[in-house]
Amino acid sequence: MAEAAVRDIGAGILPGFGLWPGWLSPPDQATLLETVLAAIDEAPLYQPVTPGGRPFSVRMTNMGSLGWVSDRAGYRYQPTHPETGRPWPAIPPMLLALWAEATGREDQPDACLVNLYRNSAKMGLHQDRDEADMGAPVVSVSLGDTAMFRIGPADGGRTATVRLASGDVCALSGPARLARHGIDRVLEESSRLIAGGGRINLTLRKAA
DNA sequence: TAGTAGCT
DNA sequence: GCTA
């Protein structure tokens, strides 16, 4: 894993948003994908619903001691898979190392949300605010097809679009920790990493 | 208000 | 990219 210069696209747009294009080499992407697919075998992807009962277009699962879930009861972190009732699989060591390098922190993330975008799946503009410790950054790893990521200030100013390609890592920290962000669309067939196409996003957080 | 549709 |  190469040392990557932080590209803070925030200068004048959004301070605290870090972007590391190409953090993971193609071989590292393939290795990570294998690990994630094994976790998905243990904790199958499912389609959550919003508290209002609307289905998400992305399919989700989690790794770590806590996983982010949504259902009619609301958003929360919980230690077990909502369908199997089993604990989530562990966060792979490769991702713990990535967190340490990207954040420079001594602690470890306890939650890794796995989102699969396939068949025109999107994610509306939102803020990550279900974590107990909102001082800790959020780190995102992209695998597979390129996404059009939209990000803007927490208080509702202008948004900017950033392309996130396979192997890119980005982070929301400090003044960008509560940034509004979402996925407008995924560019089909822009990567050959994932059999059957699509994009997997891994989001590392401190939930507790 | 972690959705979706529809318009500029 | 914004509004409902």
Side-chain angles (χ1 to χ4, degrees), chain A residues 9-10 12-14 16-17 19 36 39-40 43-64 66-83 88 91 109-164 168-173 175-188 198-208:
Chain A
I9 72 157
I13 304 170
L14 197 61
F17 176 63
L19 176 62
V36 171
I40 290 172
L45 291 160
Y46 62 96
Q47 186 165 29
V49 296
T50 66
R54 255 56 174 282
F56 284 75
S57 56
V58 300
R59 288 192 291 156
M60 297 183 179
T61 188
N62 288 272
M63 301 182 287
L66 290 169
W68 187 86
V69 300
S70 173
D71 58 23
R72 288 161 197 78
Y75 305 147
R76 65 192 175 279
Y77 283 94
Q78 68 176 40
T80 55
H81 190 290
E83 293 180 352
W88 307 106
I91 299 177
D110 51 16
C112 181
L113 177 61
V114 179
N115 284 160
L116 173 66
Y117 295 80
R118 192 169 264 177
N119 302 323
S120 309
K122 302 170 193 34
M123 178 73 72
L125 216 55
H126 68 279
Q127 294 172 289
D128 289 12
R129 54 187 322 153
D130 301 315
E131 298 73 33
D133 175 10
M134 301 223 290
V138 174
V139 174
S140 153
V141 182
S142 295
L143 293 175
D145 287 337
T146 297
M148 304 300 283
F149 178 69
R150 189 145 59 98
I151 181 167
D155 58 21
R158 294 186 75 80
T159 57
T161 294
V162 178
R163 275 161 114 89
L164 295 179
D168 292 355
V169 172
C170 67
L172 301 176
S173 64
R177 175 60 180 77
L178 289 177
R180 294 152 65 243
H181 59 282
I183 296 293
D184 286 336
R185 71 187 192 104
V186 172
L187 306 181
E188 286 183 32
R199 169 178 189 258
I200 289 176
N201 181 246
L202 307 170
T203 314
L204 297 160
R205 303 191 185 88
K206 282 188 68 74

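The chains referred to below are lettered A, B, ... by the order of the sequence lines, with proteins before strands, and numbering in each begins at 1.
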On a heavy-atom basis, which atom in A:M123 and which in A:Y117 lie closest, and how many Å separate them?
CB-OH, 3.5 Å
Check whether any side-chain N or O of A:E131 sits under 3.5 Å from a backbone N or O of A:K206 as a donor-acceptor pair, and report yes or no.
no
Nearest 0.5 angstrom please: A:T159 OG1 to A:F149 CZ, how far?
11.0 Å
Between the main-chain N or O of A:Q78 and the side-chain N or O of A:W88, is there a donor-acceptor pair closer than 3.5 Å?
yes
Base, sugar-phosphate, or nothing: which does A:S70 touch, judged by heavy atoms less than 4.0 Å apart?
nothing
Judged by atom type as modelled, is there a donor-acceptor pair below 3.5 Å linking the side chain of A:R205 to the main-chain atoms of A:M134?
no
Specify the residues of residues 138-154 of chain A, ordered by number, for which at least one heavy atom lies under 4.0 angstrom from an atom of DNA chain C.
A:R150
Closer than 3.5 angstrom, by distance alone: can the side chain of A:D130 be matched with the main-chain N or O of A:W68 as a donor-acceptor pair?
no
Modelled atom types, side-chain donor and acceptor of A:S140 and A:N201, under 3.5 Å:
yes
Rounded to whole Å, please give me the gap between NZ in A:K122 and P in B:dA5.
8 Å
Roughly how far apart, to the nearest Å, are B:dA5 and B:dT1 at atom C1'?
16 Å
Students should find that the nucleotides of DNA chain C closing off the region near chain A, any atom under 4.0 angstrom from a heavy atom, are C:dG1 to C:dC2
So what does A:P55 touch, heavy atoms closer than 4.0 Å: a base, only the sugar-phosphate, or nothing?
sugar-phosphate
Nearest-Å distance, CG (A:N115) to P (B:dG3)?
10 Å
Using whole Å, report how far CG of A:L125 lies from P of B:dT1.
14 Å
Residue pairs passing the salt bridge (charged side-chain N to carboxylate O under 4.0 Å, His left out) test where at least one lies in residues 135-158 of chain A, sequence neighbours excluded:
A:R150-A:D184
How is A:R76 classified with respect to the nucleic acid when contacts are heavy atoms under 4.0 Å: base, sugar-phosphate, or nothing?
nothing
Can you tell me the distance, in whole Å, between the NE2 atom of A:H126 and the C1' atom of B:dT1?
11 Å
In whole angstrom, what separates A:H181's NE2 from B:dT1's P?
16 Å
Nearest-Å distance, CZ (A:R129) to P (B:dT1)?
13 Å
Can you name the nearest heavy-atom pair linking A:I183 to A:A147, along with the distance?
CD1-CB, 3.9 Å
A:S142: partners by side chain to side chain donor-acceptor pair (under 3.5 Å), with sequence neighbours left out
A:R199
Residue pairs passing the salt bridge (charged side-chain N to carboxylate O under 4.0 Å, His left out) test with at least one member in residues 43-56 of chain A, sequence neighbours excluded, are none
Name the pairs: protein N/O against N/O of nucleotides 6-8 of chain B, kept only if under 3.5 Å.
none

Separation of A:D71 atom CG from B:dG3 atom C1', in whole Å?
16 Å
